[in-house]
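Each chain gets a letter, A, B and so on, in the order the sequences are listed, and its residues count up from 1. Values below: every heavy atom of this structure, side chains too, minus hydrogens, waters and symmetry copies.
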Amino acid sequence: AQSVTQPDIHITVSEGASLELRCNYSYGATPYLFWYVQSPGQGLQLLLKYFSGDTLVQGIKGFEAEFKRSQSSFNLRKPSVHWSDAAEYFCAVGAKVNTDKLIFGTGTRLQVFP
Amino acid sequence: EPEVTQTPSHQVTQMGQEVILRCVPISNHLYFYWYRQILGQKVEFLVSFYNNEISEKSEIFDDQFSVERPDGSNFTLKIRSTKLEDSAMYFCASTLGGYQETQYFGPGTRLLVL
(Lines give C-alpha, C1' and ligand atoms only; values in the text may rest on other atoms or scores of the structure.)
Protein backbone atom coordinates (compact mmCIF):
# COMPACT_ATOMS: atom_id res chain seq x y z
CA ALA A 1 0.00 0.00 0.00
CA GLN A 2 1.10 3.52 -0.64
CA SER A 3 2.26 5.61 2.28
CA VAL A 4 4.08 8.86 2.88
CA THR A 5 6.27 9.72 5.83
CA GLN A 6 7.27 13.21 6.81
CA PRO A 7 9.56 12.60 9.78
CA ASP A 8 9.73 16.22 10.92
CA ILE A 9 6.55 17.45 12.57
CA HIS A 10 7.86 20.94 13.25
CA ILE A 11 10.88 22.82 11.94
CA THR A 12 12.08 26.25 12.95
CA VAL A 13 14.54 28.24 10.87
CA SER A 14 15.81 31.79 10.76
CA GLU A 15 14.86 34.01 7.88
CA GLY A 16 17.49 33.72 5.16
CA ALA A 17 18.56 30.24 6.20
CA SER A 18 18.33 27.27 3.91
CA LEU A 19 15.56 24.74 4.30
CA GLU A 20 15.09 21.05 3.62
CA LEU A 21 11.85 19.24 4.40
CA ARG A 22 12.00 15.49 4.24
CA CYS A 23 9.55 13.17 2.57
CA ASN A 24 9.80 9.41 2.13
CA TYR A 25 7.26 7.33 0.30
CA SER A 26 6.37 3.71 -0.05
CA TYR A 27 5.07 2.51 -3.37
CA GLY A 28 5.74 -0.45 -5.62
CA ALA A 29 6.69 1.61 -8.63
CA THR A 30 7.63 5.19 -9.38
CA PRO A 31 4.73 7.28 -8.18
CA TYR A 32 3.62 10.77 -8.88
CA LEU A 33 4.93 13.05 -6.13
CA PHE A 34 3.66 16.40 -4.95
CA TRP A 35 4.40 19.07 -2.42
CA TYR A 36 1.51 21.24 -1.25
CA VAL A 37 1.62 24.19 1.12
CA GLN A 38 -1.15 25.24 3.48
CA SER A 39 -1.00 28.69 5.02
CA PRO A 40 -3.06 29.29 8.17
CA GLY A 41 -6.75 29.24 7.36
CA GLN A 42 -6.07 28.57 3.69
CA GLY A 43 -6.44 25.66 1.33
CA LEU A 44 -3.76 23.54 -0.25
CA GLN A 45 -1.60 25.20 -2.86
CA LEU A 46 0.55 23.13 -5.17
CA LEU A 47 4.24 23.98 -4.86
CA LEU A 48 5.64 21.47 -7.32
CA LYS A 49 5.20 17.99 -8.71
CA TYR A 50 7.19 15.13 -10.16
CA PHE A 51 5.72 12.88 -12.79
CA SER A 52 8.76 11.70 -14.76
CA GLY A 53 11.96 12.93 -16.36
CA ASP A 54 14.38 15.27 -14.64
CA THR A 55 14.57 14.28 -10.99
CA LEU A 56 15.14 17.85 -9.83
CA VAL A 57 11.93 19.82 -10.16
CA GLN A 58 11.43 23.50 -9.71
CA GLY A 59 8.32 24.96 -8.18
CA ILE A 60 6.79 28.23 -7.21
CA LYS A 61 8.12 30.60 -4.57
CA GLY A 62 11.71 29.46 -5.14
CA PHE A 63 11.17 25.89 -3.96
CA GLU A 64 12.69 22.81 -5.53
CA ALA A 65 12.53 19.10 -4.81
CA GLU A 66 14.64 16.15 -5.81
CA PHE A 67 13.30 12.69 -6.47
CA LYS A 68 15.73 9.99 -5.35
CA ARG A 69 14.47 6.57 -6.32
CA SER A 70 17.18 4.72 -4.38
CA GLN A 71 16.14 6.44 -1.17
CA SER A 72 12.39 6.61 -1.91
CA SER A 73 12.61 10.28 -1.08
CA PHE A 74 11.30 13.54 -2.43
CA ASN A 75 12.76 16.24 -0.22
CA LEU A 76 11.75 19.86 -0.58
CA ARG A 77 14.41 22.56 -0.49
CA LYS A 78 14.73 26.29 -0.55
CA PRO A 79 18.08 28.09 -0.41
CA SER A 80 16.86 31.12 1.54
CA VAL A 81 13.65 31.13 3.55
CA HIS A 82 11.40 34.16 3.83
CA TRP A 83 9.09 34.90 6.76
CA SER A 84 6.12 34.40 4.44
CA ASP A 85 7.13 30.76 3.96
CA ALA A 86 5.83 29.95 7.44
CA ALA A 87 3.11 27.39 6.79
CA GLU A 88 2.35 23.68 6.83
CA TYR A 89 3.91 21.62 4.07
CA PHE A 90 2.44 18.37 2.86
CA CYS A 91 4.09 15.76 0.70
CA ALA A 92 1.69 13.58 -1.28
CA VAL A 93 1.96 10.56 -3.51
CA GLY A 94 -0.29 9.47 -6.32
CA ALA A 95 -0.34 6.17 -8.13
CA LYS A 96 0.06 5.80 -11.86
CA VAL A 97 -2.55 3.09 -12.22
CA ASN A 98 -5.86 1.98 -10.74
CA THR A 99 -6.46 4.99 -8.52
CA ASP A 100 -6.15 8.75 -8.68
CA LYS A 101 -6.44 9.46 -4.98
CA LEU A 102 -3.59 11.24 -3.28
CA ILE A 103 -2.01 9.90 -0.11
CA PHE A 104 -0.74 12.67 2.11
CA GLY A 105 1.93 12.73 4.74
CA THR A 106 1.20 14.14 8.17
CA GLY A 107 2.75 17.48 7.28
CA THR A 108 5.65 19.58 8.54
CA ARG A 109 4.93 22.87 10.20
CA LEU A 110 7.55 25.47 9.32
CA GLN A 111 8.17 28.37 11.64
CA VAL A 112 10.42 31.21 10.49
CA PHE A 113 12.13 33.55 12.92
CA PRO A 114 13.26 37.03 11.84
CA GLU B 1 -6.22 31.93 -13.06
CA PRO B 2 -9.15 29.52 -12.65
CA GLU B 3 -9.63 28.12 -9.18
CA VAL B 4 -11.79 25.76 -7.20
CA THR B 5 -14.24 27.52 -4.90
CA GLN B 6 -16.09 26.17 -1.89
CA THR B 7 -19.02 27.37 0.16
CA PRO B 8 -19.56 27.95 2.96
CA SER B 9 -16.14 28.67 4.39
CA HIS B 10 -17.35 27.72 7.87
CA GLN B 11 -20.37 25.78 9.03
CA VAL B 12 -21.54 24.94 12.52
CA THR B 13 -24.21 22.30 12.94
CA GLN B 14 -25.82 20.19 15.61
CA MET B 15 -25.11 16.48 15.81
CA GLY B 16 -27.62 14.54 13.77
CA GLN B 17 -28.30 17.34 11.33
CA GLU B 18 -27.72 17.08 7.60
CA VAL B 19 -25.14 19.31 5.96
CA ILE B 20 -24.34 19.98 2.34
CA LEU B 21 -20.94 21.28 1.39
CA ARG B 22 -20.66 22.90 -2.00
CA CYS B 23 -17.83 23.11 -4.46
CA VAL B 24 -17.45 24.69 -7.86
CA PRO B 25 -14.58 22.89 -9.63
CA ILE B 26 -12.51 24.46 -12.38
CA SER B 27 -14.84 24.72 -15.33
CA ASN B 28 -13.29 22.31 -17.83
CA HIS B 29 -12.28 19.72 -15.26
CA LEU B 30 -13.86 16.29 -15.33
CA TYR B 31 -12.67 14.51 -12.18
CA PHE B 32 -13.72 15.65 -8.76
CA TYR B 33 -12.66 14.73 -5.25
CA TRP B 34 -13.41 15.30 -1.62
CA TYR B 35 -10.78 15.09 1.07
CA ARG B 36 -10.98 15.92 4.74
CA GLN B 37 -8.51 17.02 7.38
CA ILE B 38 -9.38 16.53 11.01
CA LEU B 39 -7.68 19.18 13.12
CA GLY B 40 -4.03 18.36 13.60
CA GLN B 41 -4.15 15.32 11.35
CA LYS B 42 -3.27 14.61 7.76
CA VAL B 43 -5.42 15.17 4.74
CA GLU B 44 -7.43 12.02 3.93
CA PHE B 45 -9.11 10.98 0.71
CA LEU B 46 -12.86 10.51 0.87
CA VAL B 47 -14.18 10.00 -2.63
CA SER B 48 -13.53 10.53 -6.31
CA PHE B 49 -16.22 11.19 -8.90
CA TYR B 50 -16.22 11.02 -12.65
CA ASN B 51 -18.89 10.88 -15.31
CA ASN B 52 -21.64 11.29 -12.72
CA GLU B 53 -20.66 8.37 -10.60
CA ILE B 54 -18.32 7.51 -7.78
CA SER B 55 -15.11 5.99 -9.09
CA GLU B 56 -13.48 5.32 -5.75
CA LYS B 57 -14.27 5.84 -2.09
CA SER B 58 -12.42 5.31 1.16
CA GLU B 59 -13.63 3.39 4.19
CA ILE B 60 -14.44 6.74 5.78
CA PHE B 61 -17.05 7.37 3.09
CA ASP B 62 -19.86 5.32 4.58
CA ASP B 63 -23.62 5.44 3.98
CA GLN B 64 -23.87 8.77 5.79
CA PHE B 65 -21.98 10.44 2.96
CA SER B 66 -23.10 11.10 -0.57
CA VAL B 67 -21.86 13.17 -3.48
CA GLU B 68 -23.68 14.71 -6.36
CA ARG B 69 -23.12 16.91 -9.35
CA PRO B 70 -26.56 18.50 -9.50
CA ASP B 71 -25.78 20.75 -12.44
CA GLY B 72 -22.93 21.55 -14.77
CA SER B 73 -20.94 23.51 -12.25
CA ASN B 74 -21.53 22.38 -8.67
CA PHE B 75 -20.20 19.34 -6.87
CA THR B 76 -21.66 18.64 -3.45
CA LEU B 77 -20.85 16.50 -0.44
CA LYS B 78 -23.79 15.63 1.79
CA ILE B 79 -23.46 14.26 5.28
CA ARG B 80 -26.84 12.86 6.17
CA SER B 81 -26.64 12.75 9.97
CA THR B 82 -23.56 14.45 11.30
CA LYS B 83 -21.49 13.07 14.15
CA LEU B 84 -19.04 14.85 16.39
CA GLU B 85 -16.18 13.10 14.62
CA ASP B 86 -17.23 14.62 11.30
CA SER B 87 -15.80 17.92 12.51
CA ALA B 88 -13.01 18.65 10.07
CA MET B 89 -11.88 20.79 7.17
CA TYR B 90 -13.33 19.44 3.95
CA PHE B 91 -11.46 20.09 0.73
CA CYS B 92 -12.79 19.74 -2.76
CA ALA B 93 -10.37 19.14 -5.61
CA SER B 94 -10.64 18.79 -9.35
CA THR B 95 -8.50 17.72 -12.24
CA LEU B 96 -8.81 17.62 -15.96
CA GLY B 97 -7.69 14.09 -16.70
CA GLY B 98 -7.66 11.94 -13.59
CA TYR B 99 -4.56 10.32 -12.19
CA GLN B 100 -2.11 11.81 -14.64
CA GLU B 101 -3.06 15.33 -13.75
CA THR B 102 -2.50 17.71 -10.88
CA GLN B 103 -5.34 18.00 -8.39
CA TYR B 104 -6.28 21.59 -7.67
CA PHE B 105 -7.74 22.17 -4.24
CA GLY B 106 -10.31 24.62 -3.02
CA PRO B 107 -9.88 26.68 0.17
CA GLY B 108 -11.94 24.24 2.23
CA THR B 109 -15.04 24.29 4.40
CA ARG B 110 -14.47 24.06 8.11
CA LEU B 111 -17.29 21.99 9.60
CA LEU B 112 -17.91 22.00 13.34
CA VAL B 113 -20.42 19.53 14.74
CA LEU B 114 -21.67 20.31 18.23
Side-chain angles (χ1 to χ4, degrees), chain A residues 1-10 21 23-27 29-53 57-60 65 74 87-109, chain B residues 1-10 21 23-26 29-51 54-61 67 88-110:
Chain A
Q2 299 163 265
S3 67
V4 178
T5 301
Q6 292 181 249
D8 304 305
I9 296 172
H10 188 200
L21 303 183
C23 172
N24 292 94
Y25 68 90
S26 174
Y27 182 60
T30 302
Y32 297 129
L33 295 160
F34 306 83
W35 276 99
Y36 285 88
V37 60
Q38 183 182 31
S39 298
Q42 303 296 311
L44 296 165
Q45 181 183 22
L46 180 71
L47 280 176
L48 47 77
K49 62 188 179 187
Y50 173 77
F51 280 7
S52 65
V57 292
Q58 303 296 321
I60 62 171
F74 188 57
E88 184 117 24
Y89 291 80
F90 292 94
C91 181
V93 63
K96 289 188 174 179
V97 292
N98 298 328
T99 178
D100 52 359
K101 69 181 178 187
L102 296 180
I103 304 295
F104 284 82
T106 49
T108 297
R109 180 165 298 280
Chain B
E1 183 177 327
E3 57 183 21
V4 176
T5 59
Q6 291 185 242
T7 54
S9 57
H10 294 79
L21 309 183
C23 168
V24 179
I26 294 173
H29 284 188
L30 301 174
Y31 296 77
F32 314 111
Y33 311 85
W34 284 102
Y35 291 80
R36 79 171 185 190
Q37 184 185 28
I38 294 172
L39 190 64
Q41 298 185 25
K42 61 181 168 182
V43 177
E44 302 173 286
F45 169 79
L46 290 178
V47 66
S48 57
F49 189 86
Y50 169 70
N51 200 26
I54 290 173
S55 44
E56 186 177 1
K57 60 183 180 180
S58 71
E59 60 271 16
I60 302 167
F61 195 88
V67 289
M89 178 77 96
Y90 288 81
F91 292 106
C92 173
S94 71
T95 179
L96 180 59
Y99 65 85
Q100 297 185 49
E101 302 282 337
T102 299
Q103 293 184 21
Y104 292 90
F105 285 78
T109 293
R110 183 165 295 284

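- Exactly one of A:F51, A:F74, A:Y25 qualifies for a ring pair (Phe, Tyr, Trp, His ring centres under 6.0 Å) with A:F34. That residue is A:F51.
- With a 4.5 angstrom heavy-atom cutoff, A:E88 does not touch chain B via any of its atoms.
- Side chain of A:Q6 to main chain of A:Y89: a donor-acceptor pair is present (N/O by atom type, distance under 3.5 Å, no hydrogens or angles).
- Both the backbone and the side chain of B:Q103 come within contact range of chain A, each with at least one heavy atom under 4.5 Å from a heavy atom of that chain.
- Within the 4.5 angstrom heavy-atom criterion, only side-chain atoms of B:Q37, from C-beta onward, approach chain A.
- A side-chain donor-acceptor contact under 3.5 Å links B:S48 to the backbone of B:E56.
- Taking chain B as the reference chain and counting heavy-atom pairs below 4.5 Å, the highest number among A:L44, A:V4, A:T106 is found for A:L44.
- A centroid separation of 6.0 Å or more is found between the aromatic rings of A:Y36 and A:F90.
- Between the side chain of B:Q6 and the backbone N or O of B:C92, at least one donor-acceptor pair lies under 3.5 Å.
- At a 4.5 Å heavy-atom cutoff, the contact between B:Y35 and chain A is made by side-chain atoms alone.
- Residue contact with chain B, scored on non-hydrogen atoms closer than 4.5 Å, involves the side chain of A:L46 exclusively.
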